[in-house]
Protein chains: 2
Amino acid sequence: MPFNLLLNNVSRYIHLTDAEKEIFISLLQEKQLKRKQFFLNDGEICKYSAFVTSGCLRGFTVDKNGIEHVLSFAPPDWWMADMYSLISKKPGTLNIEALEDTDIILLSKTNQEKLYLEIPKFERFFRILIENSLVANQQRIVDNLSLTAEERYNIFCKRYPTLINHLPQKQIASYIGVTPEFFSRMRNKH
Amino acid sequence: MPFNLLLNNVSRYIHLTDAEKEIFISLLQEKQLKRKQFFLNDGEICKYSAFVTSGCLRGFTVDKNGIEHVLSFAPPDWWMADMYSLISKKPGTLNIEALEDTDIILLSKTNQEKLYLEIPKFERFFRILIENSLVANQQRIVDNLSLTAEERYNIFCKRYPTLINHLPQKQIASYIGVTPEFFSRMRNKH
DNA sequence: ATCATTTCTTAACCTACATCATCTTTCCCG
DNA sequence: CGGGAAAGATGATGTAGGTTAAGAAATGAT
């Protein structure tokens, strides 16, 4: 059944009884996205966290010159949301788009709060999830401050080997923080 | 008493009974740092979260060329730790130094885990704390990807007005991601 | 299969910011 | 309050990466 990947993801950090699994699943919704379909547009309030079961999402902002900047990718087994908008309940700046046909499981903010009340263990689960995310983001800040584009690219390759293959170069370039032109030059030089 | 600032910080997100406050306080330690004294050196395992009650800390990494990069500042009412090292229990890369004489309250990782067991509400407290931190870090990544040094400086001034005054320029430059020389030029041109 | 769209490549030129060096100012500790 | 160290200012020059433009290759919807 389609919730297995998610239940497995959860069970890495907390143990759920069958009854608790039932409750959890009852608070979820499934959704399919077509390639290039948006899950969230900037200016909207983000009301759901998305867990990817197949395909891939990307989260990006658009700056005042119309240039896109990729904040994160979400391949299967990853969560994605506009964290700022989700917790503040204010319009956010993130766009979330499917890079290919993608299946996701949705947990609404409302249901997430229900979940915290009904199964407090989930406070722990999401705390740990967010801790890991924070560590990764802090490392990325340090990398952006201290490394060249080439070094950041090498790190990206090591950290997301599965993504490298089926991700357009320009998306990686944007994540790394360089233009597609420079990225192309960088890879083909030597 | 010296724990008031911290109890107030906690009470912004969860309510504690007097008994719970007692337990919490019993798990804390106070510590004073002299100006330039290190609270943590890279290569060490970070075993404590620090809550600043007076003074100011800075967290920074040193790159392979010996250049320092400021990841964060902690004025009073802020928490500081090497999150990576703290949760992985492995040696980290962060240095934490007092920028002036600084008073902190320590919560050891061990006691933090005790706290989660004895007063599960603290799972919620730290989850929310980390959520906010994650949002701020994601915004910083986006800013680094999409803004000029000058724009990042303006944002810094707005976001940390109290810090601007009594922080050496070179520390702000490092946080922004430019050299002290360029930062000086940037501020003095007009 | 085919055409349109998107993605990638390459080249010439440009700019934000770095580096190095020197000088002045501030500040902290005895 | 005085001297030494750290912080800041400023000029000359260097470079990683951006911009613009134009063609080649890959990809996806029909």
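Since the model is a prediction, treat every value here as computed from it, not as a measurement. Below, read A as the first sequence line, B as the second, and so on, with proteins coming before strands; counting in each chain starts at 1. Quick note: numbers below take in every heavy atom, side chains included, and nothing from hydrogens, waters or symmetry partners.
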List for me each residue that meets side-chain hydrogen bond (donor to acceptor under 3.5 Å, both in side chains) alongside A/Q138, sequence neighbours excluded, and say none if there are none.
none
Apart from A/F182 itself, its cluster of hydrophobic side chains linked below 4.5 Å comprises A/F38, A/F60, A/V62, A/V70, A/F73, A/W78, A/L99, A/Y153, A/F156, A/Y160, A/L163, A/I164, A/L167, A/I172, A/Y175, A/I176, A/V178, A/F183, A/M186
Can you tell me which residue pairs pass the salt bridge (Lys or Arg N to Asp or Glu O under 4.0 Å) test with a partner in residues 31-54 of chain B, sequence neighbours excluded?
B/K34-B/D101
Which Ile, Leu, Val, Met, Phe, Trp or Tyr residues join A/I67 in one cluster when any pair of side-chain heavy atoms under 4.5 Å counts as a link?
none
Go through the steps to decide whether B/L28 and B/F51 satisfy the test side chain to side chain contact (heavy atoms under 4.5 Å, CB included), and finish with yes or no.
CA-CA 10 Å; B/L28 302 171; B/F51 176 84; over 6 Å; no
Might you list the N or O atoms of the protein lying below 3.5 Å from N or O atoms in nucleotides 2-8 of chain D, with each pair's distance?
from: D/dA7; atom 1: OP2; to: B/K170; atom 2: NZ; distance (Å): 3.0
from: D/dG8; atom 1: OP1; to: B/Q169; atom 2: N; distance (Å): 2.6
from: D/dG8; atom 1: OP2; to: B/Q169; atom 2: N; distance (Å): 3.3
from: D/dG8; atom 1: OP2; to: B/K170; atom 2: N; distance (Å): 3.0

Any salt bridge (Lys or Arg N to Asp or Glu O under 4.0 Å) involving residues 152-165 of chain A? Give me the pairs, sequence neighbours left out, ordered by first then second residue.
A/D143-A/R159
With sequence neighbours left out, which residue pairs that include part of residues 81-94 of chain B fulfil the salt bridge (Lys or Arg N to Asp or Glu O under 4.0 Å) condition?
B/K89-B/E113
Applying side-chain hydrogen bond (donor to acceptor under 3.5 Å, both in side chains), name anything that partners B/E151, two or more places apart in sequence or on another chain.
A/K64, B/T148
Excluding sequence neighbours, so at least two apart, what forms side-chain hydrogen bond (donor to acceptor under 3.5 Å, both in side chains) with B/K170?
none
Spacing between B/E100 atom CD and C/dC29 atom C1', to the nearest angstrom
17 Å
In whole Å, what is the span from the CG atom of B/N144 to the C1' atom of D/dA16?
17 Å
Nucleic acid footprint by protein, nucleotides 17-26 of chain D - heavy-atom cut-off 4.0 Å, B for base, S for sugar-phosphate alone:
BBBBB-----
Partner residues of B/S72 under the side-chain contact (heavy atoms from CB on, under 4.5 Å) criterion, sequence neighbours left out
B/M80
To the nearest 10 degrees, what angle separates the axes at the start and end of the helix from C/dA1-D/dT30 to C/dG30-D/dC1, five pairs each?
70°
